[in-house]
Structure formats: structure tokens, C-alpha cells
Amino acid sequence: MNSNSHYTKEQIWGFLSGIPDPEIPVITIEELGVLRNVEITLDKVIITITPTYTGCPAMKLFEDEIISTLKSKGIENVEIKMVYSPAWTTDWMSETAMEKLRKYGIAPPVKGTEDKGVLFSSDQKIVKCPQCNSENTQLKSQFGSTACKALYQCNDCLEPFDYFKCI
Amino acid sequence: MEKKDALINYCLRLGDSSLILGQRMAEWCSNGPILEEDIAMTNLALDLIGQARTMLTYAGEIEGKGRTEDDLAYKREEREYYNTLLSERPNGHFGDTVVRNFLHSAFFYHLYQALKNSSDEMIAAHAAKSIKEVTYHLRHSAEWLVRLGDGTSESHNKVQESLNNLWEFTGDLFEMNEVDELLIKEGIAVDLNSIKKDWDKTVNDVLERATLSRPEDEYMQTGRLDAMHSEYLGHLIAEMQFLQRAYPTAKW
């Protein structure tokens, strides 16, 4: 007898889709594209996730959250499967998620602008200031407060802000 | 040698080089010359340690003796580490770190580009994932190298000296033995001679922009393939492994 049979795959996906990113709580693991698959087998539920960055410390928190969320629904046997392929990309992020980021004060990834110049940042993409919407901004550092963000500053309103890197 | 043993060794080489370079970068935490660089260098550490986790976990799985990534990172001795000699070089001053990271990131970059096509699915996935992060690492160090090399005469002389000192550790990056031979036949590993050509081109391009001169290939240090290390690795792992050695069952 399948102990998890009283929930469908869609229902389980629904329980998990709302789990927020611990560092950027306005977006969820579903919107981020970290939650990849839900599979129900005879004796357990297998949740497949993929890391944004290999060393992202939030991944452990995602795992803990997934397990405790399912536990609260009475699902005890959970396996978390981490996959690396296809490699996570910011292209999976929905328009809604990008808008949420902007409102939160983080400039969302500028789609299709993955920096192709390997050695030097050749193509200067336009990253709009999430505060005043100005296009007159400058890169301060490729590495920001978390692995997925770069540090920018607006030349008009002078506010520093995070940019969600496009990878 | 069996394919299984060769594959374990190959994964340890990849994982250990990331781990040791990651630990070196972590040593910069709170010691960076400016706040942005402190953050950048700890971000690099995080990526590298993440990359190490994937490969060490995989090595443990292939081995099949129940060793986890933590067992491999914290319970091996110096002579069981297969990291590159370059990765364990001390941080020195900021310029030393920039040069070491540049030479090493260029190596990782071209290696992962090639390993994306490995016939081993896990290694191919690891390479495709890591290349995105390593691209940032390479650009970060290359930009700094140009800034310092083409900066003041003092910064130029300092990084030229770093380059001269570190050069003898670059030969080790490209050495191969029967492990490579076996895995290249299987389509798993890549021929490092071909990586060397790409690496040379990247290194030459950046050195030229940085107005630095490429040192002559004279005496090259060797040892990675036999897990022979410089005196620095022992000190590094003593610090890295301290907690697990002192409190063997400690968990985060």
C-alpha cells in the first residue's frame, strides 16, 4: 500500500511551491526554478531540486524546509535528490518573479545578457536602478551580498543596489 | 589499474583542487584589502567549496565504502590529497593571490569547457555547472591582474615578482599518468596537452594587456599525481580539519 497515495503529485508540488528563498523571501523555490520535480514511488516521495550556485548556503535550508513542510502534511518518507544538469539559469525565472525582485529593491537579471566576454566585461548591459528606474548605473563589484548577486550603484539617485546576476 | 580506481582518483583531483583553493580564499575572510574584495574573495571560496562537495560526494559514491564528502575533506591525510600544487600556494599579498587565482582559474576554465563533453554524466554536469562560476572567477582575477600589472610601477613590479615565483608550479597542472590515459580512452577525461594550448593563449593575452612578461619555462615543480605536496599543505589541512579532529562526531 502506498503510504503517500492520499496526495497527488500536483498537490505535493502545491505544498512546496510557496517555500520562500531564505535570503530573498519575496520569491519562492518554484519561481526561482530550484524546485524541479516531484515523484511519488511506492514507499516515498522524491523531490528533485537543483542548486543556483554550487556553494549556495540556502540549499541546505531549502532541503530542511521541504522536509518539514511535507512532514506537516503527514508525509514522512521524503528523499531529496540534487541534480546538476541541466545547469540552473536565471532564464527560468518568471516575469512575475522578476517584478517581485524589482519591488524588493533587487534589479532582476537582464535576460539574454549572460556575459559572453570571458576575460573582460565587454558588453556593458543596462541595469536599471530598482529605486528610481534610471538607466545611468554602474557596476561596483561582480560579487555582492550573496553568490547570485553583483553590486551596482545608481549615478542619479546614488543608491547602491544588488543586481541578480544573469547566468 | 581498474577504471573504478582511476575514476575515484580523477574525481579527487578535481574536488581536492577546488577544496584547497577554496580554503585559501576563505582565509581572506575579514582580511580583504577593501570591503568589496573581501566579499568577492569569500564568494569565490563559497563557489569552490561547493564545486568540491559535488566531486568529493561522487568520489565517495563510486568508492562504495560509505565515505561522505565530509569524511573525504576532513579525515584524509596530506599524502592522500590530489590537489594541484598551485592551489596550495599561500595567499601572500593581494597580488600573489590574484596571480595564483588567475593561473588556476584559467586552468579550471579550459578544463571544464572540455569536460562538459565527458562521457561520464556526473562529471559533464559538474563541468557545465562549474563553468558558469569559474567564468566569473577568471574575469575577476584577470581584471585585477591588468589593473595591478598596468598600474603603478610598484604594483607592476610586485605582480611580476608574484608571477615569477608562482610560475614553477604551473607545469604540475598539466601532468598526466595512467589514470588520464585510461580515462581518456573511455571518453571521461581530457588530454591536458590540449588544455595547455588554450591555457597558454589565455595567459599570454592577459599578461600582454597587463604589461607583464611571461617567465621562461625552466625548472617545474611536480608532485600532484603522487600526492606529494609542498610544506604548506600540512598547515592548511591542520587548520581546515581541526574541528573534526578535535571533536570527531561534531555536526553543524
Side-chain angles (χ1 to χ4, degrees), chain A residues 23 33-34 36 48-64 80-92 109 113-124 138-153 160 162-167, chain B residues 18 22 25-26 32 34-55 57-58 102 105-106 109-110 113 116 121-147 201-203 205-206 209 252:
Chain A
E23 278 162 343
V34 162
R36 301 311 298 164
T48 306
I49 56 174
T50 193
T52 51
Y53 284 73
T54 52
C56 180
M59 294 313 290
K60 179 75 180 80
L61 290 165
F62 284 144
E63 289 181 35
D64 294 348
I80 308 271
K81 202 162 99 186
M82 185 79 81
V83 295
Y84 297 94
S85 183
W88 180 82
T89 163
T90 36
D91 292 346
W92 294 344
T113 60
E114 188 177 342
D115 219 329
K116 296 291 190 296
V118 173
L119 284 173
F120 303 96
S121 339
S122 47
D123 52 335
Q124 290 300 326
Q138 59 172 321
L139 174 69
K140 284 289 180 186
S141 172
Q142 289 281 8
F143 299 88
S145 56
T146 63
C148 54
K149 288 179 265 157
L151 187 64
Y152 272 73
Q153 188 176 16
D162 275 333
Y163 166 62
F164 206 108
K165 286 193 278 212
C166 189
I167 68 165
Chain B
S18 302
M25 294 317 287
I34 50 171
L35 189 56
E36 285 82 356
E37 277 315 300
D38 202 287
I39 294 168
M41 289 195 283
T42 40
N43 265 299
L44 295 175
L46 203 58
D47 286 345
L48 288 162
I49 291 167
Q51 289 158 21
R53 291 185 59 184
T54 316
M55 276 299 105
T57 301
Y58 187 44
F102 167 67
S105 303
Y109 179 80
H110 292 297
Q113 281 293 4
K116 280 200 291 192
E121 274 182 27
M122 188 67 198
I123 291 180
H126 171 67
K129 178 85 194 155
S130 302
I131 193 85
K132 294 184 175 220
E133 300 168 357
V134 168
T135 303
Y136 272 101
H137 302 184
L138 177 57
R139 193 183 304 145
H140 175 256
S141 56
E143 288 181 346
W144 268 111
L145 195 55
V146 172
R147 230 170 266 146
K201 187 176 179 310
T202 301
V203 167
D205 282 356
V206 175
R209 280 213 204 201
W252 183 247

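Chain identifiers are assigned alphabetically (A, B, ...) following the order of the sequence lines, protein sequences preceding nucleic acid strands; residue numbering begins at 1 within each chain.
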Note to self: Check this for me: does any side-chain nitrogen of one of A:Asp64 and A:Lys60 sit under 4.0 Å from a carboxylate oxygen of the other?
What the structure shows: yes
When the 4.5 angstrom heavy-atom criterion is applied to A:Ser85 and chain B, the contacting part is both
Worksheet item: Given A:Tyr84 and B:Thr54, is the side chain to side chain contact (heavy atoms under 4.5 Å, CB included) satisfied, shown in steps?
Response: CA-CA 9 Å; A:Tyr84 297 94; B:Thr54 316; 3.7 Å; yes
- [ ] Output yes when a side-chain donor or acceptor of B:Lys129 lies under 3.5 Å from a complementary backbone atom of A:Pro51, and no otherwise.
- [x] yes
Residues B:Arg139 and A:Gln142: closest non-hydrogen pair is NH1-NE2, 3.5 Å
If one checks every heavy atom of A:Thr50 against chain B at 4.5 Å, the contacting part turns out to be neither
Could you tell me if B:Lys132 sits above the aromatic ring of A:Tyr53, with its cationic atom closer than 6.0 Å to the ring centre and no more than 45 degrees from the axis?
no
Applying a strict 4.5 Å limit to non-hydrogen atoms, the region of B:Glu133 in contact with chain A is side chain
Among A:Met59, A:Met82, A:Lys165, A:Lys140, the residue with the most heavy-atom pairs under 4.5 Å to chain B is A:Lys165
Bottom line for B:Leu46: the part with an atom under 4.5 Å from chain A's heavy atoms is both
Q) Taking the side chain from B:Thr42 and the backbone from B:Ile39, do they hold a donor-acceptor pair closer than 3.5 Å? A) yes
Most heavy-atom pairs under 4.5 Å with chain B, out of A:Ala147, A:Ser145, A:Pro86, belong to A:Ala147
Cut-off 4.5 Å, heavy atoms of chain A, and the answer for B:Met41 is neither
